[in-house]
Amino acid sequence: MQARMVAMEEGKDQASAIRTSISRTLPLRLLLFCLLFGVLAIGLSIICMYSLRFFIFQKTVAPSTFRPWFEEVHTIERWIRPPTNLWHSINDNELLWRASFVPKIKQYPFLRVPKIAFMFLTKGPLPLAPLWDRFFKGNERHCSIYVHALPSYISGYPQSSAFHRRQIPSQMVEWGKMSMCEAERRLLANALLDISNEWFILLSESCIPLYNFSVIYHYISRSNHSFMESYDDPGPYGRGRYDSRMEPEVTLGQWRKGSQWFEVNRMLAINIIEDNKYYPKFKEFCQPACYVDEHYFTTMLTIQVPHLLANRTLTWTDWSRGGAHPATFGKDDMTEAFFQKIFEGQACLYNGEPTSLCFLFARKFAPNALDPLLELAPKVFGF
């Protein structure tokens, strides 16, 4: 009996030990499971949080509108190749900033052929484009063409034309207001993006070349000066337009007047587009009847670099009839005698020496003058 009781007690102790062992093992496994679940939950929470922040950032932050005009190329071509497409979506501030880049090393590590940028400031079409196409033909390596027309105008020049796809993004332009100078700065900035452009000529849709390309290239490329007309006009249409509130940036003695149609070299073109000292003064205090396109650039450059200016324009214009606009010439005026009068009687300085070759371009010519101009061009202009 006693032996049976001892056996029963031992059995109870073994069962109790087993139950104790099981009870201790179960909480430990449960704890490990809960810990593992907690770590996974925290990890998933962190991943979700950063994913949410990423997608919200993508939606709320607008991407930059600044895009390169070229495909990524890991050679010097990336920096020297001109834009193949002049149409872009960057704004004026971005454009002027990009165009103001200047290499500090003056020697180019590649064969650079200096070009003339012909910049046409127009309202719409270029009625004299066939004449200019003949002028440019065969000289594409030494020139670039840029057209600033009204934003609503869509050009349709054939692929064979020098003006095909040469229109730049534009803004509205009002005659005699700062928007005119802004358009000119826009043309300069777009042309400066081509590192090979060394000289910049501003022209209108009514301008024509008076000589062939070789003569004009030789004349401009060998000049020691840029052709920005600048003179002190003491009358009501000169000093009479000055506003004393432009001081101290511009004094009455520094005030200048000149033709809108200019030629400048690359250094002066950068001076014009990077200016933020004179621009606010002219925009605020030179408004009609102060015509800012006749005063802004010429006054600024005369203050900054007077020794680099020829103080004359290369574009012939007839103001003899009086009025706010120069004379316009049509088909009945197109004779050899007419152009002979333009060529004769000229006198100016070129690189400090007297010369009779003073004008390379002329204006204003009506659209109906095109056919007789094409007939006269080989004999009179040499192209």
Side-chain angles (χ1 to χ4, degrees), residues 119-129 131-132 135 150 173-177 179-181 183-184 201-211 216 227-242 255-263 286-299 310-348 355-377 380-381:
M119 308 178 303
F120 291 84
L121 181 59
T122 77
K123 294 180 180 179
L126 288 159
L128 304 177
L131 180 69
W132 283 101
F135 169 79
L150 293 178
V173 175
E174 295 183 79
W175 180 71
K177 294 187 177 182
S179 59
M180 182 78 74
C181 294
E184 294 169 11
I201 301 172
L202 183 66
L203 301 158
S204 75
E205 66 265 42
S206 65
C207 287
I208 65 167
L210 293 175
Y211 298 92
I216 290 178
F227 295 92
M228 175 80 70
E229 187 178 45
S230 177
Y231 60 93
D232 183 6
D233 179 359
Y237 303 115
R239 290 198 175 203
R241 296 173 176 175
Y242 175 76
W255 184 255
R256 292 293 183 270
K257 183 178 180 179
S259 171
Q260 174 186 5
W261 314 105
F262 60 78
E263 179 277 328
C286 184
Q287 300 184 19
C290 175
Y291 301 111
V292 67
D293 54 279
E294 296 180 357
H295 298 280
Y296 174 25
F297 298 154
T298 183
T299 297
N311 295 329
R312 63 183 178 90
T313 180
L314 293 177
T315 303
W316 178 88
T317 309
D318 182 7
W319 291 95
S320 62
R321 301 179 186 180
H325 300 281
T328 299
F329 303 99
K331 63 178 182 179
D332 295 335
D333 299 300
M334 299 300 98
T335 63
E336 290 185 39
F338 171 82
F339 288 102
Q340 196 62 34
K341 290 180 180 179
I342 296 177
F343 296 137
E344 291 178 350
Q346 298 182 19
C348 59
T355 181
S356 60
L357 203 169
C358 302
F359 298 109
L360 304 182
F361 310 95
R363 62 186 302 266
K364 299 174 60 174
F365 292 84
N368 65 9
L370 175 61
D371 289 339
L373 282 171
L374 290 172
E375 293 180 11
L376 289 169
V380 176
F381 307 140

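As the structure is a prediction and not an experimental result, all values here were calculated from the model. Just so you know, residue 1 is the first one in the sequence shown, and it goes up from there.
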Residue pair Thr315 / Ser259, side-chain heavy-atom distance below 4.5 Å: no

Nearest heavy atoms of Ser230 and Thr298, plus distance in Å: CB-OG1, 3.0 Å

Spacing of Ile201 atom CD1 and Met119 atom CE [to the nearest 0.5 Å]: 8.5 Å

Interatomic spacing from CD in Glu263 to CZ in Arg312 - rounded to 0.5 Å: 10.5 Å

Beyond-backbone contact of Met180 with Glu174, side-chain heavy atoms, under 4.5 angstrom: no

Parallel, tilted or perpendicular: ring planes of His325 versus Trp175, cut at 30 and 60 degrees: tilted

Non-hydrogen side-chain atoms of Phe297 and Cys181 separated by less than 4.5 Å: yes

From CA spacing to verdict: side-chain contact (heavy atoms from CB on, under 4.5 Å), Glu205, Phe120: CA-CA 7 Å; Glu205 66 265 42; Phe120 291 84; over 6 Å; no

Note, Phe359 side chain near Phe343 side chain (heavy atom, < 4.5 Å): no

Arg239 and Asp232 ion-paired at < 4.0 Å: yes

Donor-acceptor under 3.5 Å (Glu294 side chain, Gly258 main chain): no

Check: Phe361 ring centroid to Trp261 ring centroid under 6.0 Å: no

Distance, nearest 0.5 Å, that separates CG of Leu374 from CG of Leu370: 4.5 Å

Crowding at NZ, Lys364 (>12 non-hydrogen neighbours, <6.0 Å): yes

Exercise: do Glu184 and Gln260 side chains pair donor with acceptor under 3.5 Å: yes

Output field: ring centroids Phe338/Phe329 closer than 6.0 Å: yes

Pair Arg256, His295: side-chain N/O donor-acceptor within cut-off below 3.5 Å: no

Atom pair CG/CG of Asp318 and Asp333 - distance to nearest 0.5 Å: 10.0 Å

Side-chain heavy-atom pair Leu376, Met334 within 4.5 angstrom cut-off: yes

Leu360 side chain reached by Leu314 side chain, heavy atoms, under 4.5 Å: yes

Reported NZ-to-OG distance for the pair Lys123 and Ser204, which is rounded to 0.5 angstrom: 10.5 Å

Nearest heavy atoms of Thr122 and Leu126, plus distance in Å: CG2-CD2, 3.5 Å

Minimal non-hydrogen separation, Ala369 against Gly330, with atom names: CB-C, 4.0 Å

Non-hydrogen atoms of Leu121 and Ala183 that approach each other most closely: CD1-CB, 3.8 Å

Non-hydrogen side-chain atoms of Tyr211 and Phe381 separated by less than 4.5 Å: no

Non-hydrogen atoms of Leu128 and Ile208 that approach each other most closely: CD1-CG2, 3.6 Å

Exceeds 12 heavy-atom contacts within 6.0 angstrom, atom OH of Tyr237: no

side-chain contact (heavy atoms from CB on, under 4.5 Å) evaluation trace for Phe227 with Thr313: CA-CA 5 Å; Phe227 295 92; Thr313 180; over 6 Å; no

Sub-4.5 Å side-chain heavy-atom contact between Trp132 and Leu203: yes

Smallest separation among heavy atoms of Val292 and Cys286, with atom names: CA-SG, 3.6 Å

Euclidean distance, Cys207 SG relative to Leu202 CG, rounded to 0.5 Å: 8.0 Å

